[in-house]
Peer 1: 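Could you have a look at this structure, given as C-alpha cells, before my questions?
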Amino acid sequence: MSIQEDDFDIGVEHLRLKSAGNGVGAIVTFTGLVREFESEPKSTDFQRNLSTLTLEYYPEMTEKLLSEIIQQSFDRWPLVAVSVVHRVGSLKPNDQIVFVGVASEHRIEAFQAAQFLMDYLKTRATFWKKIEADGQSHWAEAKVSDNVAAAKWEG
Amino acid sequence: MSIQEDDFDIGVEHLRLKSAGNGVGAIVTFTGLVREFESEPKSTDFQRNLSTLTLEYYPEMTEKLLSEIIQQSFDRWPLVAVSVVHRVGSLKPNDQIVFVGVASEHRIEAFQAAQFLMDYLKTRATFWKKIEADGQSHWAEAKVSDNVAAAKWEG
Amino acid sequence: MINLLFFGRLSEFTKDVSQSYECAGESMTPLIIREKLTLESKALGQELSEPQVLVAVNKMIVKWDHIVRDGDEIAFLPPVTGG
Amino acid sequence: MINLLFFGRLSEFTKDVSQSYECAGESMTPLIIREKLTLESKALGQELSEPQVLVAVNKMIVKWDHIVRDGDEIAFLPPVTGG
C-alpha cells in the first residue's frame with residue numbers, strides 16, 4: 001500500500017501481483033484516471049474543462065484507514081495479494097489517480113474484492129479532491145452513488 | 001481482439017486502453033494465469049502438479065464469437081474501449097492465458113463489463129484446455145460455476 | 001464432400017472414424033452423420049450424444065437437423081473450457 | 001494545547017479562526033470546540049454542523065462528545081472524495 005505523489009506503473013504492479021505466490025489464477029486491476037471534463041455539480045449537461053485536480057489527504061490516518069480496508073478484503077475473501085496505490089498532490093487530465101490490484105485463485109473473489117476495495121476507498125479513506133476547471137476551483141462533492149455502492153457490502 | 005500464441009504485455013494493453021479516447025475515468029483489467037496445481041476433477045482435496053496446459057481453438061469461429069461477445073458488452077454498457085487477448089498453444093504454470101480490459105467513464109460499468117466478458121468468454125468462446133499433470137493428460141471439464149455466472153446476465 | 005472436425009475431448013475418439021463424408025445427392029444433417037459415426041465408433045457416438053455437445057456448420061452453431069450441403073464443414077464442439 | 005486541522009472544503013472557512021486551543025484544565029470535547037469556532041466564524045460553524053462531517057482525535061474517528069486532552073490533535077473531516 002502506498003500514498004505517493006509519483007505516478008505508478010501498471011506493468012510493475014501487475015508483475016508484483018503475479019509473483020505474489022503459488023496458485024494465483026486471476027488478477028483484477030482497477031485504475032482511476034483524471035477525466036478531461038468535469039460535470040457541473042447538480043447538473044448533467046453542463047461540463048467544464050478540468051485543468052488541475054489536487055488531492056489532499058491526512059498523513060498517517062489515511063494510511064491506517066487504507067490498511068484497515070485492505071485487511072477487511074482479506075477477511076472477506078480468500079485472496080493471495082492486494083495492492084493499493086493512491087496518488088496525492090497536483091494531477092492533470094488523463095493522469096492516473098488510484099490503482100487497486102487483487103490476485104487470487106479464482107476470478108470471482110478477485111472481481112468482488114477489487115470492487116469492495118474501490119467502494120470503501122471512495123467512501124472511507126481520507127482523501128479530498130479539489131477541482132480547477134475553466135479558471136475556477138471547487139472541492140469535489142461526495143457522490144450518493146458511491147455511498148450506495150459501499151452500503152451493499154454491509155450487513 | 002487477438003488470439004495468439006505469444007505472450008501479452010499488460011503495460012502495453014493498459015496504455016492502449018488509457019489512450020482510447022477522451023473521458024476515460026476507469027480501467028478494469030482481468031488476467032487469467034495457469035495455476036501450478038490442478039484439482040482432480042470431482043475431488044476437492046487431491047491436487048496434481050500441472051506441467052503443461054495446451055489451449056486448442058477453432059480458427060475463424062472463435063474470433064467471430066469473441067467479436068460478438070465484445071459487441072454485446074458495448075450494447076449493454078456505455079464503454080469507451082474493450083480489449084480481449086486469448087493465448088493458444090502450449091503454456092506453463094504462471095503463464096498468462098487471457099486478458100480482458102475495459103475502459104469507461106465510471107468504474108461501475110467497467111467492472112460489470114469485465115465480469116460479463118469473462119463469464120461469456122468462459123462459457124461461449126470455442127477454446128478447450130488440455131491439462132498435463134503428473135505425466136497424465138486429460139481435457140478440462142466445464143465448470144458449473146461458470147455456467148451459473150454466465151446465466152446471471154440473461155433475461 | 002463434407003469435412004468433419006472434432007474438438008477438445010471429442011478428438012480422443014476419432015482415430016478410426018471417417019473425417020469426411022461424400023454427400024451423394026441425399027439429404028444430410030449432423031444428426032444423420034452422428035448416426036453414421038456411431039456405427040464406426042460406439043464410444044464416439046456416446047460422446048457426441050451428450051446433451052452439452054454442440055454442432056456448428058461452417059462455423060455457425062446450428063440445430064442437429066440442419067441440412068448440410070456439399071462443401072460444408074461440420075464441427076462437433078464439447079463444452080468450452082477457455083479463459 | 002490542542003491542535004485543530006481542517007480538511008477539504010472546511011479549509012476554505014478557517015482564515016480568521018483559531019488553529020489551536022489552550023486546554024486550561026477544563027473538560028474539552030470536539031463539540032465544545034465547534035461551538036467556540038462558531039463564535040469566531042458562523043460560516044465555519046455551519047459547515048462543521050453538517051451531519052456528514054466527521055471528527056477525528058489523534059487520527060481516530062470519535063464521537064463529538066469525546067473528551068480531548070492537552071496535546072491532542074482534532075481533525076474535522078468533510079465527506080471524502082478520493083479514488
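Per chain, numbering begins at 1; letters A, B, ... match sequence-line order.
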Peer 1: Which word best sums up how the rings of Phe111(B) and Phe30(A) line up, parallel for under 30°, tilted for 30 to 60°, or perpendicular for over 60°?
Peer 2: parallel

Peer 1: Tell me which of these, Arg107(B), Glu13(B), Glu36(B), has more heavy-atom pairs under 4.5 Å with chain A than the rest.
Peer 2: Arg107(B)

Peer 1: Tell me, for Asp9(B) versus chain A, whether the close heavy atoms (under 4.5 Å) come from the side chain, the backbone, both or neither.
Peer 2: neither

Peer 1: Would you check if His106(B) and Lys143(A) make a side-chain contact, meaning some heavy-atom pair closer than 4.5 Å?
Peer 2: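 Counting from C-beta outward, His106(B) and Lys143(A) do come under 4.5 Å.
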
Peer 1: Side chain, backbone, both or neither: which part of Ala149(B) has a non-hydrogen atom closer than 4.5 Å to chain A?
Peer 2: side chain

Peer 1: Out of Ile108(A), Val24(A), Leu17(A), Thr31(A), return the one with the most heavy atom pairs under 4.5 angstrom to chain B.
Peer 2: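 Between Ile108(A), Val24(A), Leu17(A), Thr31(A), the count favours Thr31(A).
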
Peer 1: Chain A: which of Val28(B), Leu33(B), Val102(B) shares the most heavy-atom pairs with it under 4.5 Å?
Peer 2: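 Counting heavy-atom pairs under 4.5 Å, the top option is Leu33(B).
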
Peer 1: Using the side chain to side chain donor-acceptor pair (under 3.5 Å) rule, take Lys92(B) and Thr52(B) through it: C-alpha gap first, then chi angles, then the decisive distance, then the call.
Peer 2: CA-CA 5 Å; Lys92(B) 297 289 175 197; Thr52(B) 308; 3.0 Å; yes

Peer 1: Taking atom types as modelled, find out whether Arg76(B) and Gln112(B) have a side-chain donor-acceptor pair closer than 3.5 angstrom.
Peer 2: no

Peer 1: Could you tell me the separation between the CG atom of Leu50(B) and the CG atom of Asn94(B), rounded to the nearest 0.5 Å?
Peer 2: 11.5 Å

